[in-house]
**Q** 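Pasting a structure below so you can have a look.
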Amino acid sequence: MTIDPQKLDRLAEVAVRTGLNLQEGQDLVITAPVAALPLVRRIVAHAYKAGAGVVTPIFSDDEITLARFENANDQSFDKAPGWLFEGMGQAFKEGAARMAIKADNPMLLAGQDPDVVGRVSKATSIAAKPAMDPVVGMQVNWNIVAYPTPEWAQMVFPDLDEEAAQGALMDAIFAASRIEGGDPVENWAAHSAVLRERVDWLNSMAFDALHYTGPGTDLTLGLAEGHIWKGGATLGKNGVTFQPNIPTEEVFTCPHAFRVDGTVSSTKPLAHNGSLIDGIQVRFEAGRIVDATADKGEEVLRKLLATDDGASRIGEVALVPHSSPISQSGLLFYNTLFDENAASHIALGQCYADTIEGGGTLSPEELKQKGGNGSIIHVDWMIGSDQIDIDGIGKDGSRTPVMRAGEWA
Ligand code: ZN
Ligand code: ZN
């Protein structure tokens with residue numbers, strides 16, 4: 001084991017105390033790959049130290065996932081364990097918090113039939129709704145944190161041997177998570193305040209649209225009616241203030257699902273469901289992607305866009321400066337939790353209801369009327385770089401520089 005146990009313990013503590021802000025007596029549901037067991041054990045210990053009720057980990061395993069793809073009957077691929085997600089949903093209804101540990105091997109399913117991967121992903125997304133809705137709706141406090149598995153580490157550091165790569169990825173996660181140097185709780189409070197300032201400025205400007213220009217990109221992205229910019233700490237509907245993502249560098253809001261026009265190119269590869277999609281180019285018309293190509297993984301991209309009605313429209317727009325520590329590390333993590341915090345991005349699919357005024361109380365129809373998108377997917381992809389300029393367009397047509405060459409203007 002090349003992972004420093006003290007660093008691991010600190011990451012676990014920050015995830016529980018700052019990320020979740022787990023409350024006295026609150027139950028906790030954790031999902032994690034078996035490979036992340038050392039981190040799960042530390043998280044469970046810190047959860048009980050923080051006064052947790054019952055902590056329940058639910059494990060997955062790469063080998064077991066592959067065993068299904070390689071051996072199951074065809075009819076298996078349209079099934080998902082709905083009972084499990086209903087149970088998780090029930091736990092959240094009763095007040096449990098949610099922790100997800102990400103350690104995916106980004107290429108796990110690269111050798112599998114994209115059609116089968118798409119079917120499994122669709123069946124799982126539909127079945128997972130009872131477990132996902134309380135999370136997307138911020139009804140419970142939740143947190144996502146990462147653990148460096150050897151397979152993932154070697155993708156990020158292909159020139160290092162397995163042990164060295166794992167240690168290096170741990171250091172990178174640690175640095176990106178703003179845990180180094182001083183008290184991590186204070187670091188996070190200061191970082192959150194900076195994000196809050198940008199959120200307040202964007203909310204005061206109340207732009208009608210954003211206009212992106214750069215290589216292969218000329219995109220006018222309308223913002224939803226009554227959109228609200230968010231970033232940093234989140235106040236959950238259960239009254240708990242928490243940090244959903246560790247790390248986080250983004251401020252984000254709800255785009256208008258029917259007012260996006262023009263072309264946009266991805267600036268980083270997207271690791272999705274064990275496949276890599278790279279060199280994405282799409283054209284939007286009235287909010288819908290009408291033309292999509294990719295240098296790599298085009299088939300997977302097409303399947304993704306065809307998932308349902310809302311899968312070819314966007315539900316999130318996020319701004320991240322090129323100077324963020326993750327971007328400056330120069331690393332490609334092949335993991336959305338990190339890569340989405342290295343660059344401005346948009347997300348295909350479901351919007352976050354709380355990025356629209358009164359969103360939590362609106363019916364799906366009312367949400368749609370304001371421009372909020374609905375889908376069973378939510379997939380972020382990176383469109384920002386140091387070559388992208390963004391203007392805010394006011395309701396009167398006035399233009400205000402928001403970002404120049406990837407930095408806040
Ligand atoms: Zn985002
Ligand atoms: Zn997102």
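Here the structure is a predicted model, which means the values were calculated and not measured.
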**Q** Is there a donor-acceptor contact under 3.5 Å from the side chain of T65 to the main chain of D61?
**A** yes

**Q** Does atom NZ of K368 have more than 12 heavy-atom neighbours, drawn from other residues, nucleotides or ligands, at distances under 6.0 Å?
**A** no

**Q** Take F69 and D113 through the test side chain to side chain contact (heavy atoms under 4.5 Å, CB included) and record every step on the way to the result.
**A** CA-CA 9 Å; F69 280 91; D113 178 356; over 6 Å; no

**Q** Could you check whether E94 and Q90, counting side-chain N and O atoms only, form a donor-acceptor pair closer than 3.5 Å?
**A** yes

**Q** When you look at V29 and F92, which way does the side chain to side chain contact (heavy atoms under 4.5 Å, CB included) test go after all the steps?
**A** CA-CA 9 Å; V29 178; F92 301 144; 4.2 Å; yes

**Q** Is any side-chain N of the basic residue among K370 and E366 closer than 4.0 Å to the acidic one's carboxylate O?
**A** no

**Q** Testing L22, V44, D27, V16 for side chain to side chain contact (heavy atoms under 4.5 Å, CB included) with V55, which one passes?
**A** V44

**Q** Within the supplied structure, the quantity of interest is the number of heavy atoms (other residues, nucleotides, ligands) at a distance under 6.0 Å from E407 CD; does it exceed 12?
**A** yes

**Q** Going by an N to O cut-off under 4.0 Å, is there a salt bridge joining D308 and K122?
**A** no

**Q** Can you find a pair of side-chain heavy atoms, one from V40 and one from I101, that are under 4.5 Å apart?
**A** yes

**Q** Quick one, V117 and V300 - any side-chain contact, counting heavy atoms below 4.5 Å?
**A** no

**Q** Looking at every non-hydrogen atom in both residues, tell me the closest pair between S275 and A110 and how far apart they are.
**A** OG-CA, 4.3 Å

**Q** Measure the acute angle between the ring planes of F338 and W152, then classify it against the limits of 30° and 60° as parallel, tilted or perpendicular.
**A** tilted

**Q** Salt-bridge test for R288 and D261: reply yes if a basic N is under 4.0 Å from a carboxylate O, no otherwise.
**A** no

**Q** Checking N187 side chain against R178 main chain: does a donor-acceptor pair fall under 3.5 Å?
**A** yes

**Q** Counting only heavy atoms from other residues, nucleotides and ligands, does the tally under 6.0 Å from NZ of K268 exceed 12?
**A** yes

**Q** How would you list all residue pairs meeting salt bridge (charged side-chain N to carboxylate O under 4.0 Å, His left out) that involve residues 213-240, not counting sequence neighbours?
**A** K230-D354

**Q** So, N373 side chain and C351 main chain: donor-acceptor pair closer than 3.5 Å or not?
**A** no

**Q** Taking side chain as C-beta onward, heavy atoms only, is N245 less than 4.5 Å from W142?
**A** yes

**Q** With distance as the sole test, does R313 use its side chain to make a donor-acceptor pair with the main-chain N or O of A257 at under 3.5 Å?
**A** yes

**Q** Under a 3.5 Å distance rule, please check whether T217 uses its side chain to pair with a backbone N or O of G214 as donor and acceptor.
**A** no

**Q** Less than 4.5 Å apart, any side-chain heavy atom of V14 and any of Q243?
**A** no

**Q** So with a 6.0 Å cut-off around CD of Q6, is the heavy-atom count from everything else above 12?
**A** no

**Q** Under a 3.5 Å distance rule, please check whether T267 uses its side chain to pair with a backbone N or O of G384 as donor and acceptor.
**A** yes

**Q** Are the side chain of S327 and the backbone of S323 linked by a donor-acceptor contact shorter than 3.5 Å?
**A** no

**Q** Would you confirm whether H378, through its side chain, and Q350, through its main-chain N or O, come within 3.5 Å as a donor-acceptor pair?
**A** yes

**Q** Is there side-chain contact between L319 and W229, with at least one heavy-atom pair below 4.5 Å?
**A** yes

**Q** Starting from the C-alpha separation in whole Å, work towards a yes-or-no answer on side chain to side chain contact (heavy atoms under 4.5 Å, CB included) for R404 and D389.
**A** CA-CA 5 Å; R404 284 294 174 267; D389 291 340; 3.7 Å; yes

**Q** So N238 and Q23, side-chain hydrogen bond (donor to acceptor under 3.5 Å, both in side chains) or not? Walk me through it.
**A** CA-CA 11 Å; N238 60 357; Q23 302 293 295; over 6 Å; no

**Q** What residues, two or more places apart in sequence or in another chain, satisfy salt bridge (Lys or Arg N to Asp or Glu O under 4.0 Å) together with R119?
**A** D74, D78

**Q** Find out whether T31 and R98 are in side-chain contact, i.e. whether some heavy atom of one side chain is under 4.5 Å from a heavy atom of the other.
**A** yes

**Q** Should W201 and V402 count as side-chain neighbours, where that means a heavy-atom distance under 4.5 Å?
**A** yes

**Q** Please name all residues satisfying side-chain hydrogen bond (donor to acceptor under 3.5 Å, both in side chains) with E250, sequence neighbours left out, ordered by chain then number.
**A** H345

**Q** For A405, does its backbone N or O pair with a side-chain atom of D386 as donor and acceptor, under 3.5 Å?
**A** no

**Q** Stepwise, does the side chain to side chain contact (heavy atoms under 4.5 Å, CB included) test hold for L11 with Y147?
**A** CA-CA 9 Å; L11 183 62; Y147 178 83; over 6 Å; no

**Q** Hey, does L221 have a side-chain heavy atom less than 4.5 Å from the side chain of I314?
**A** yes

**Q** With a 3.5 Å distance limit and no angle check, can you tell me whether S329 reaches the backbone of I326 through a side-chain donor-acceptor pair?
**A** yes

**Q** How about CD on E63, more than 12 heavy atoms from neighbouring residues, nucleotides or ligands closer than 6.0 Å, or not?
**A** no

